[in-house]
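This structure is a prediction, so every number in the text was calculated from the model and none was measured.
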Amino acid sequence: MLSFLLLLSLFIQPASSATNDFLLNGTILETNSSSTYIHVDEGVTQPVYSTEDAIIEELMVETTVDSDGTGEKDLVSIRVMRPNTEEGIQVPVIYEMSPYRAGLDWSVPFFDVDVELNPVPHPGNGRGRGPNAGPQNLGNLGNYYVPRGYAVVLGESIGSGAAMGCPTTGDYQEILGTKAVIDWLNGSARAFNEEGEEVYADWTTGNVGMIGASYNGTLPNGVATTGVEGLKTIVPIVAISNWYDYFRANGAVVAPGGYQGEDASILARFVATRDNADICAPFLEQMEEDEDRITGDYNAFWAERNYLPGVKNIEASVLLAHGLNDWNVKTKQFAQWWEALDEHDVNRKLWLHQGGHSAPGGGWQQEQHRWFDYWLYGLENGIMDEEMVNIQRENRTWVEQENWPHVDAKTTTLYLSGDDERSGAGTLSNAPVPNRPHDRQSLKDDPQTRANTLVAEPDSDHPNRLVYTTDVLQQDTHMSGTPEVSIRTSIDEPVANLTALLVEYDEYDAAKIITRGWMDPQNIHGEERSVSIVPGRDYTFEWDMQPHDYVFKEGNRIGVVLIASDYDYTIRPTGGTELSLLPTRSKLILPIVGGKEVFND
């Protein structure tokens with residue numbers, strides 16, 4: 001009936017008029033006025049405009065920053081693609097900013113990671129690529145949304161393509177440069193065409209939704225924390241919420257999956273595709289110093305690239321999507337963002353899928369379309385009445401969930417115990433093993449052997465790893481949240497890598513690494529400062545692994561494998577550093593749906 005009424009209204013009203021037959025949610029007043037013309041069928045906006053006569057403009061928008069130090073404000077380049085509406089009709093905007101649109105400079109060398117680690121002096125107080133992608137397909141958003149009554153704006157961020165300024169890898173300058181486009185769409189910034197004439201955005205309602213994947217999805221996170229007027233929603237896909245956690249982990253220098261040796265300065269050099277990019281050389285050299293690969297500590301450089309403290313300023317809604325097996329932008333990025341959004345009661349939804357560094361499949365396109373309809377046109381389509389979380393399970397089916405982590409997930413401690421007969425192996429149980437002596441087990445660092453090799457054959461001795469496993473699981477066991485480890489160990493050198501691998505072993509002992517986490521032991525008191533470690537002294541080291549939502553199968557075993565260096569992620573020093581562990585004073589903490597009772601026979 002609703003579709004029939006809308007079609008009827010379109011036949012009897014002039015094209016420049018709006019209909020009052022839409023079901024509106026009250027957030028976008030412009031939709032219920034004569035300045036809007038859309039067609040809604042089956043709950044979503046339908047194509048009513050042609051792409052053939054779409055209006056396309058190439059513009060430069062003036063920002064408020066001067067990242068290249070020329071004394072002039074940076075300009076960012078945008079392409080505006082909008083429907084050719086009748087006079088007086090205004091449309092909302094879907095906006096994607098990117099540093100990748102002009103391609104990447106692949107001649108930039110990565111850092112060498114086959115180097116020694118850096119011990120801090122004693123006593124020691126340390127100093128307080130991005131998700132790489134090719135050029136974006138410029139037609140995807142425009143071809144889909146322009147016919148449905150949206151404008152699409154594609155931008156090149158500072159230092160890239162036709163934009164001015166220097167790339168800064170996600171700091172406030174890049175965020176404000178991205179924000180300037182929204183300001184222009186709302187009448188508080190200036191834009192110019194190729195002839196230098198000022199151009200006004202009188203064709204838009206000023207209501208903006210940002211979208212993007214990877215770096216392109218990270219910029220919406222940052223811009224949303226400014227609370228900019230007009231930004232109604234963001235759709236960050238496999239996006240970063242804190243750049244420190246992209247290139248570091250608990251003080252350890254780590255790489256995004258597949259890009260060993262990358263760092264913030266390398267990424268900035270990759271995207272410095274503007275004309276006369278040499279002007280940026282001093283700034284890029286300063287970035288290399290400030291990112292501090294020596295200690296790996298969190299400092300002012302990284303604080304400028306941490307969006308989490310700004311969540312309190314967010315006025316926009318958030319539709320978040322992430323791959324549970326993304327080792328480029330790791331899962332901690334979505335988990336801590338989601339937690340902060342929850343803490344500040346931001347309108348939000350979450351999609352988690354079984355892929356890696358990519359958008360979800362399934363009904364994701366329909367979901368984001370409905371989301372934009374709801375938040376940019378104010379159409380009441382019921383999307384906010386549905387469960388907040390959609391998760392794709394291991395068999396590729398989708399389930400809805402009230403929240404994430406699962407509301408029934410409980411912190412569950414599994415205690416380590418050594419095995420007298422197997423020097424490199426032991427057990428995990430949900431209660432401490434009584435009367436167990438404090439026998440030690442040791443491993444030696446082998447940075448040139450990959451983790452997949454080190455987790456194999458869990459019941460055999462191996463000099464370069466320690467492995468602890470549960471009994472065979474009597475039921476499917478659902479983990480939802482962030483695993484942690486706590487180990488009591490000594491190190492025979494003043495510096496090392498620490499790595500924990502959470503593994504599922506099937507009935508044939510075939511190993512699957514579910515998640516992993518890293519730590520620099522010199523950051524025992526926090527990621528902000530390194531302290532010297534006394535060789536041979538016992539310490540308790542605690543660190544998190546990457547969050548996950550995973551169901552271990554009945555009949556399999558859960559294992560934690562402890563190694564030092566992780567070939568694909570950490571610095572790879574000369575091998576041979578020895579760790580001596582006290583299993584009875586060590587533990588694995590898992591967020592298990594149902595808690596420790598799941599492990600009872």
Side-chain angles (χ1 to χ4, degrees), residues 238-242 244-246 248-252 254 256-257 298 306-308 311 320-343 348 350-354 356 388-389 391 394 401-416 428 430 468 470 477-487 498-504 512-520 523-524 526-527 540-552 558-562 566 569 586-596 598-599:
V238 292
I240 293 168
S241 55
N242 181 357
Y244 179 83
D245 296 320
Y246 186 69
R248 307 285 185 268
N250 302 298
V254 298
Y298 183 86
N306 181 0
Y307 309 132
L308 296 168
V311 171
L320 178 63
H322 213 99
L324 287 166
N325 297 292
D326 188 350
W327 288 99
N328 185 329
V329 176
K330 304 174 189 70
T331 52
K332 185 173 183 177
Q333 300 290 347
F334 93 78
Q336 61 193 0
W337 190 245
W338 183 255
E339 181 181 3
L341 295 173
D342 180 67
E343 179 181 348
R348 65 202 181 279
L350 172 64
W351 278 51
L352 297 174
H353 64 93
Q354 289 295 320
M388 276 202 300
V389 179
I391 298 183
E394 291 74 15
Q401 199 165 285
E402 180 182 342
N403 206 339
W404 194 90
H406 194 288
V407 295
D408 295 326
K410 300 178 181 178
T411 300
T412 305
T413 300
L414 298 178
Y415 297 89
L416 278 59
L428 288 171
N430 64 357
Y468 304 89
T470 64
T477 301
H478 185 183
M479 179 185 72
S480 181
T482 303
E484 300 175 5
V485 290
S486 174
I487 63 172
L498 297 177
T499 301
L501 310 167
L502 186 66
V503 184
E504 181 178 36
K512 177 182 180 181
I513 297 175
I514 306 305
T515 188
R516 61 181 89 195
W518 313 268
M519 181 184 180
D520 178 348
N523 289 87
I524 188 172
E527 61 190 20
T540 297
F541 300 109
E542 300 176 336
W543 71 97
D544 58 345
M545 297 188 233
Q546 292 299 311
H548 211 297
D549 197 289
Y550 186 81
V551 178
F552 296 89
I558 298 174
V560 61
V561 178
L562 301 174
D566 189 347
Y569 294 94
S586 305
K587 55 190 175 182
L588 170 68
I589 302 100
L590 299 179
I592 298 296
V593 176
K596 67 179 182 180
V598 172
F599 295 98

Can you list the residues that meet the side chain to side chain donor-acceptor pair (under 3.5 Å) rule with [X], with sequence neighbours excluded?
X	result
Asp408	none
Thr411	none
His478	Asp549
Gln336	Ser241, Asp245

Residue list, side-chain contact (heavy atoms from CB on, under 4.5 Å) with [X], at least two apart or on another chain:
X	result
Glu339	none
Glu542	Ser486, Thr540
Asp342	Arg348, Asn403

Looking at [X] and [Y], what are the two nearest heavy atoms and their distance?
X	Y	answer
Leu428	Ile558	CD1-O, 3.7 Å
Ala252	Met519	CB-C, 3.8 Å
Pro483	Thr515	CG-CG2, 4.0 Å
Gly356	Val238	O-CG1, 3.9 Å
Ala409	Ser480	CB-O, 3.6 Å

Counting C-beta onward and ignoring hydrogens, is there a side-chain heavy-atom pair between [X] and [Y] closer than 4.5 Å?
X	Y	answer
Leu414	Thr470	yes
Met545	Leu588	yes
Ile514	His548	yes

Name all residues meeting the ring pair (Phe, Tyr, Trp, His ring centres under 6.0 Å) criterion together with [X]; count only those two or more places apart in sequence or in a different chain, and write none if there are none.
X	result
Phe541	Tyr539
Trp518	Tyr569
Tyr468	none
Trp543	none

Would you compute the distance between atom [atom1] of [X] and atom [atom2] of [Y] and round it to the nearest 0.5 angstrom?
X	Y	atom1	atom2	result
Leu590	Tyr550	CG	OH	13.0 Å
Thr412	Asn430	OG1	CG	8.5 Å
Leu352	Leu324	CG	CG	5.0 Å

Can you sort out the partners of Asp544 under salt bridge (charged side-chain N to carboxylate O under 4.0 Å, His left out), two or more places apart, ordered by chain and number? Lys332
Examine distances only and state if a side-chain atom of His406 and a backbone atom of Gly481 form a donor-acceptor pair shorter than 3.5 Å. no
Taking the six-membered ring for Trp, are Phe334 and Trp404 ring centroids under 6.0 Å apart? yes
Applying side chain to side chain contact (heavy atoms under 4.5 Å, CB included), run through Tyr298 and Asn523 and close with a yes or a no. CA-CA 10 Å; Tyr298 183 86; Asn523 289 87; over 6 Å; no
In a check of side-chain contact (heavy atoms from CB on, under 4.5 Å) between Phe552 and each of Thr477, Ile592, Val598, which one passes? Thr477
Using the rule side-chain contact (heavy atoms from CB on, under 4.5 Å), only one of Thr482, Thr331, Leu502 pairs with Gln546; which is it? Thr331
Checking side-chain polar atoms at under 3.5 Å, does Asn328 have a donor or acceptor matched by the opposite partner on Tyr246? yes
